[in-house]
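Some notes on the structure that comes next.
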Amino acid sequence: MRILTKKTFSLWVKPLLWLQKRHFGNILNPAKLWGRKPVLFWLVALFFGYLDRKKSPIDAVMRSLVCVRVSQLNNCAFCVDANGMKLAERCHSLEKIKALAHWQTSEHFSEQEQAVLTYTEAMTLNDQQVSDEMLATLATWYSSDDIIELTALVSFQNLSAKFNTALDVPAQGFCSLPIQPQTQQNTVPTTSTADKEQLRSHNEK
């Protein structure tokens with residue numbers, strides 16, 4: 001990482017670090033940087049905790065698809081790793097996971113997922129813009145309040161990915177599945193028996 005982490009942290013952040021170690025088995029690399037600014041760390045943690053709550057109007061698989069796709073577009077190694085692990089826990093289709101980097105040419109995504117990913121990429125990529133048509137399509141499944149929350153989720157993941165990329169936060173080996181960053185869109189990956197066994201083993205952990 002481009003900024004050294006502290007050997008000791010404020011009492012304000014130790015509860016968050018304890019929760020991470022309990023859930024992930026280790027303190028997350030970004031937390032070692034956010035932990036230098038306790039108020040910011042708490043605000044970021046509470047923000048994402050709210051967006052990823054169980055009662056979110058955006059279902060869990062969709063939230064993870066959004067987070068992983070934004071991670072891929074930002075080339076954030078840590079984000080792909082950590083969000084990929086959560087996607088693998090939530091989504092039982094390895095075909096969908098492997099195809100996410102080129103979802104436009106994949107048959108594994110529903111119309112709703114395609115609409116959300118289109119909006120996600122328009123928000124994330126500098127050469128794209130959100131259009132009224134995108135919002136009208138999203139309104140097929142989501143209320144205006146829901147779209148605000150979806151927009152907040154995409155925005156948060158971009159903040160997180162850009163933070164980690166700028167400071168060169170490395171992956172921690174959480175996800176062993178083949179979740180790649182940008183791939184050639186006309187290349188459709190195949191799913192081997194070994195891949196399926198890998199997903200089954202991953203979900204049993």
* Asked: Which distance, rounded to the nearest 0.5 Å, do you find between the CE of Met134 and the CD of Glu121?
  -> 9.5 Å

* To do: Going by the side chain to side chain donor-acceptor pair (under 3.5 Å) test, name the single residue among Arg90, Lys86, Glu89 that passes it with Ser64.
  => Arg90

* Asked: If you take all heavy atoms of Gly84 and Val68, which pair is closest and at what distance?
  -> N-CG2, 3.8 Å

* Asked: What do the steps show when you test Leu65 against Phe109 for side-chain contact (heavy atoms from CB on, under 4.5 Å), and what is the final call?
  -> CA-CA 10 Å; Leu65 288 173; Phe109 296 86; 4.2 Å; yes

* Steps toward side-chain contact (heavy atoms from CB on, under 4.5 Å) verdict (Val13, Trp34) -> CA-CA 9 Å; Val13 303; Trp34 287 112; over 6 Å; no

* Structure fact -> From the list Leu167, Asp168, Asn164, Asn83, side-chain contact (heavy atoms from CB on, under 4.5 Å) partner of Phe78 resolves to Asn164

* **From Asn29 atom CG to Thr5 atom OG1, the distance as rounded to the nearest 0.5 Å** => 8.5 Å

* Asked: Does the side chain of Asn158 reach to within under 4.5 Å of the side chain of Lys162, using non-hydrogen atoms?
  -> yes

* Would you indicate whether the side-chain heavy atoms of Arg69 and Thr124 approach each other to under 4.5 Å? => no

* Enter the distance from Asn26:CG to Gln20:CD here, rounded to the nearest 0.5 Å. => 9.5 Å

* More than 12 heavy atoms from other groups under 6.0 Å of CG on Asp127 -> yes

* **Polar side-chain atom of Trp12 near backbone of Trp42 as donor-acceptor pair, under 3.5 Å** => no

* Got a donor-acceptor contact below 3.5 angstrom from the Gln157 side chain to the Arg63 backbone? -> no

* Structure fact -> Heavy atoms of Asp81 and Gly173 approach each other most closely as OD2-N, 2.8 Å

N/O donor-acceptor pairs under 3.5 Å from side chains in residues 144-152, not counting sequence neighbours:
| from | atom 1 | to | atom 2 | distance (Å) |
| --- | --- | --- | --- | --- |
| Asp146 | OD1 | Ser143 | OG | 3.3 |
| Asp146 | OD2 | Ser143 | N | 3.1 |
| Asp146 | OD2 | Ser143 | OG | 3.1 |
| Glu149 | OE1 | Arg53 | NH2 | 3.3 |
| Glu149 | OE2 | Arg53 | NH1 | 2.5 |
| Glu149 | OE2 | Arg53 | NH2 | 3.3 |
| Glu149 | OE2 | Ser56 | OG | 3.4 |
| Thr151 | OG1 | Tyr119 | OH | 2.6 |
| Thr151 | OG1 | Ile147 | O | 2.7 |

* Please work out whether the ring planes of Phe24 and Phe174 are parallel, tilted or perpendicular, with thresholds of 30° and 60°. => tilted

* Does Gln114 reach the side chain of Leu117, with side-chain heavy atoms less than 4.5 Å apart? -> no

* Where do Val44 and Phe163 land on the side-chain contact (heavy atoms from CB on, under 4.5 Å) test, with the steps shown first? -> CA-CA 12 Å; Val44 167; Phe163 177 92; over 6 Å; no

* Aromatic rings Phe156 and Phe48: how do their planes relate, parallel, tilted or perpendicular, breaks at 30° and 60°? -> parallel

* Rounded distance [0.5 Å steps], OG in Ser110 versus CH2 in Trp141 -> 7.0 Å

* Working to the nearest 0.5 Å, report the span between CD of Glu107 and CD of Glu95. => 9.0 Å

* Asked: What distance do Gln128 atom CD and Leu73 atom CG have between them, rounded to the nearest 0.5 Å?
  -> 8.5 Å

* Report the C-alpha separation of Asn74 and Thr165 in whole Å, then their side-chain angles, then the decisive distance to 0.1 Å, and conclude whether the side-chain hydrogen bond (donor to acceptor under 3.5 Å, both in side chains) test is met. => CA-CA 8 Å; Asn74 281 284; Thr165 302; 5.7 Å; no

* Structure fact -> Looking only at heavy atoms, the pair that brings Met62 and Tyr142 closest together is CE-OH, 3.6 Å

* Check whether any side-chain heavy atom of Thr118 lies under 4.5 Å from a side-chain heavy atom of Trp103, and answer yes or no. => yes

* Taking all non-hydrogen atoms of both residues, which atom of Cys91 and which atom of Lys96 are closest, and how far apart? -> SG-CD, 4.0 Å

